[in-house]
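Beneath this line is the structure, given in structure tokens, with notes to follow.
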Amino acid sequence: MPELPEIETVCRQLRDVILGAEITRTRVLDPKLRGSGGLTGRKVEGITRQGKAVALVLEGGGVIIVHLRMTGRFLWHEGKGIPPHTRLVISFSRGRLLLIDPRRFATVTVSKNLPTAPLGSDLLNDGDPSQLWLLAQKSKAAIKAFLMDQRRIAGIGNIYACEILHRAEINPWRKSNTLSRDAWITIAAVAKEILKQAITCRGTSVSDWRDLFGTAGENQRYLMVYGREGEACYRCGERVERRKLSGRGTYYCPACQNEKGGPNHGTMEL
DNA sequence: ATACGCACCTGATTGC
DNA sequence: TGCAATCAGGTGCGTA
Ligand SMILES: [Zn+2]
């Protein structure tokens, strides 16, 4: 589930715990992750976020890129034994960093350099509305799919895409190239607010997301539409709907995101 | 270029 | 109770 705010949260917490620390041992518990061992003696020199991926930069060259995908999470563990679904153990003198991942979609790659990322701009740190507008002029894709396309915009996943569009009062099916420059100013501003708030809350814990120390995030308390099918919209009272958009459950308010006069007004076809 | 279905996996929940 | 279908944070592939 981890999207930008969840990964940002773990990165910040990892900096407090393993920055400058030396790897004393690695254990690979999932054959899919073979190739992510053999790092004994390496020191963690930096921790950065690349969209939704965590990059552990090693001293003397080399980097471990971890993508948590759907159910992956990191846990800092100082006790004995390991919890179920632990797929990788990276040991340090002061404790062990566990990669826990029930569905086993997470990926770990060890390479020489940070990848020349095919990632788009990051709405937390960049997100210039004029540039986004220009980029969107070239796309007929639904705005929600556009926001979630990591090559265009890095870090937005299904939960935050739904939340951003609801706060911006934009229909998820709206064609990207029909949005005005002003609309992009709104999107960029709203996205930054929502992402920052979620980071302050240490992420959104739907199902099993936990931060580095095993604590649930708080942002699920502030979700306006995600996971609220059939419940009243907090803004207008209409019932929140869920429909599929490019294969993903999409939550939206058919009233506040109907965009009267807009291309989809009155027709929520599909 | 873009859209869709499906695959990758496991577990929880829902419906009959 | 039992079992099958459906759903879930994400990405990547092959196919129209
Ligand atoms: Zn509403």
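All values below come from the heavy atoms of this structure, side chains included, with hydrogens, waters and symmetry mates left out. Computed from a prediction, not measured in an experiment: that's the story for all the values here.
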Whole angstrom value for the distance that separates [atom2] of [N] from [atom1] of [X]:
X	N	atom1	atom2	value
A:Leu29	B:dC9	CG	C1'	17 Å
A:Arg152	B:dA3	CZ	C1'	12 Å
A:Gln137	B:dA1	CD	P	18 Å
A:Leu33	B:dC9	CG	P	11 Å
A:Arg151	B:dT2	CZ	C1'	9 Å
A:Asp208	C:dC7	CG	P	19 Å
A:Asp101	C:dG10	CG	P	13 Å
A:Lys144	B:dT2	NZ	P	18 Å

For [N] and [M], measure between their [atom1] atoms and round to the nearest Å.
N	M	atom1	value
B:dT10	C:dT1	P	27 Å
B:dC9	C:dG2	P	29 Å
B:dA3	C:dA8	C1'	22 Å

**Message:** When you group the ILVMFWY residues by side-chain heavy-atom contacts below 4.5 Å and let the links chain together, are A:Met224 and A:Met148 in the same group?
**Reply:** no

**Message:** Could you see if A:Phe92 belongs to whatever hydrophobic cluster contains A:Val28? Use Ile, Leu, Val, Met, Phe, Trp, Tyr and a side-chain cutoff under 4.5 Å.
**Reply:** yes

**Presence of salt bridge, A:Arg12 and A:Glu8, under 4.0 angstrom** = yes

Under 4.0 Å from OP1 or OP2 of [N]: is there any side-chain N or O of [X] that close?
X	N	value
A:His67	C:dT11	yes
A:Lys138	B:dA1	no
A:Gln150	C:dG10	no
A:Arg69	C:dT11	no
A:His85	B:dC9	no
A:Lys244	C:dA8	yes

**Asked** Regarding A:Arg202 and the six-membered ring of A:Phe213, is the cationic atom NZ or CZ under 6.0 Å from the ring centre and inside 45° of its axis?
**Response** no

**Asked** Got a donor-acceptor pair under 3.5 Å from the side chain of A:Arg103 to the base of B:dC9?
**Response** yes

**Asked** Does the side chain of A:Lys192 reach to within under 4.5 Å of the side chain of A:Leu123, using non-hydrogen atoms?
**Response** no

Considering every strand and a 4.0 Å limit on heavy-atom distances, what is the contact class for [X]: base, sugar-phosphate, or nothing?
X	value
A:Arg242	sugar-phosphate
A:Phe146	nothing
A:Arg210	nothing

**Asked** What is the base-pairing partner of B:dT10, counting Watson-Crick and G-U wobble geometry with both distances under 3.5 Å?
**Response** C:dA8

**Fill in**
A:Ser246 has its side chain closest, among B:dT10, C:dG10, B:dC4, to B:dC4

**Request:** Compare the aromatic ring of A:Phe105 with the six-membered base ring of C:dT11 and state whether they stack according to the 5.5 Å and 30° rule.
**Result:** no

**Request:** Could you tell me whether a side-chain N or O of A:Gln257 sits under 3.5 Å from a main-chain N or O of A:Tyr252, the two making a donor and an acceptor?
**Result:** no

